[in-house]
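Just below is one structure, and these are the notes that go with it.
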Amino acid sequence: MALIELKGITKRYGTGRTAVLAVRDVDLEVEPGEFVSVMGPSGSGKSTLMNLLGLLDRPSEGTYRLAGRPMERLGGRGLARERNGRIGFVFQSFFLLPRLTLAANVAMPLVYRGIGAMARRRRVLDVLAAVGIEQLGDRRPTEVSGGQQQRAAIARALIAEPALILADEPTGALDSRTGEGIMALFQQLNAAGQTIIQVTHEPDIARHGSRLIRLRDGRIASQEAVADRLSAEQLLASWAETEGVDGSAG
Ligand code: ADP
Ligand code: MG
């Protein structure tokens, strides 16, 4: 069963002559375990599509099945439950709470779910380790690098074990090398079975995915399997060779 099934999805903003069709008649299926990159010029509907996939917005037309369940039948509460239970979000600008430690930021989704402090602490340590910043849990966002902040944001997205990670320009605020480190992490997560959909306008970032979708004027203009997929392992090995680093820094 597909994890995501969109049929005839259209999103219209405004009415009448000033209406904008941000997404037009999109059909899309994503299987569990895929790593999809979405590219397209500014204004082509990438963020709108991500908001629809993330249940942050409702389509004007069309149907969305997430893990087989039709989303259009759900009310606001039901959508929130699906979103919190199945989807982890990663944004360009991290959105970490500045007064909280990284560990407290990462724990936040579990706090909302009413999970006890002991279980939270254990799970936080696990996901901080999974993203390579287990030693930074006590720091605040301003006390670590941009790449480390994004790792914390990814840990926060992972903590509730979402079926799907949605990342809108996850490397957009990072230098290219740090961005590659984030892609190496996404590839590791994806190799372990995590489904990921990311928006990027950088071709080299897109090539870490297994499938590339190009949007234009709200439509899917093309779709292809990524033939020359970049290998995170090779990348990390080549860095280690040239500079003697483990690739998890930054
Ligand atoms: P992208 O992320 O690819 O740059 P967006 O999804 O943000 O594109 O926007 C697609 C189109 O929809 C653009 O023409 C944009 O101006 C329009 N749009 C997006 N959000 C809104 C909104 N809330 N109200 C009106 N128009 C919007
Ligand atoms: Mg956008």
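Remember, it's 1-based here, ligands and their atoms both numbered in the order they're listed. Bear in mind the structure is a predicted one, so any value in this text is a computation, not a measurement.
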* Inspect the surroundings of CZ in R113 and state if more than 12 heavy atoms from other residues, nucleotides or ligands are less than 6.0 Å away. => yes
* To do: Among L158, I182, V106, L136, find the residue that satisfies the side-chain contact (heavy atoms from CB on, under 4.5 Å) test when tested with V131.
  => L158
* Within a distance under 4.0 Å of any heavy atom of P41, pick out the atoms of ligand 1 and give their elements. => 3 (O)
* To do: May I ask whether S44 places a heavy atom under 4.0 Å from ligand 1?
  => yes
* Under 3.5 Å side-chain donor-acceptor pair for Q198 and S37 -> yes
* Linking I/L/V/M/F/W/Y whenever any side-chain heavy atoms sit under 4.5 Å apart, do L189 and L164 land together? -> no
* **Heavy atom of the protein closest to atom 5 (P) of ligand 1 (residue, atom name, distance)** => T48 OG1, 3.7 Å
* **Minimum non-hydrogen distance to atom 13 (C) of ligand 1, winning option of G14, A22, G43** => G43
* Asked: Any N/O/S atom of S47 sitting less than 2.8 Å from the Mg ion (ligand 2), backbone or side chain?
  -> yes
* To do: Output yes when D228 and R207 qualify as a salt bridge under the 4.0 Å nitrogen-oxygen rule, no when they do not.
  => yes
* Asked: Within the structure, does at least one protein heavy atom fall under 4.0 Å of atom 24 (N) of ligand 1?
  -> yes
* Take atom 21 (C) of ligand 1 and look for protein heavy atoms under 4.0 Å from it; say yes if you find one, no if not. => yes
* Quick one: look up the protein heavy atom nearest atom 7 (O) of ligand 1 and list residue, atom name and how far away it is. => S47 CB, 3.8 Å
* Is there side-chain contact between E34 and E29, with heavy atoms separated by less than 4.5 Å? -> no
* Mark yes or no for whether R120, through its side chain, and A107, through its backbone, hold a donor-acceptor pair below 3.5 Å. => no
* Asked: Among all protein non-hydrogen atoms, which one is nearest to atom 14 (O) of ligand 1, and what is the separation to 0.1 Å?
  -> V20 CG1, 3.9 Å
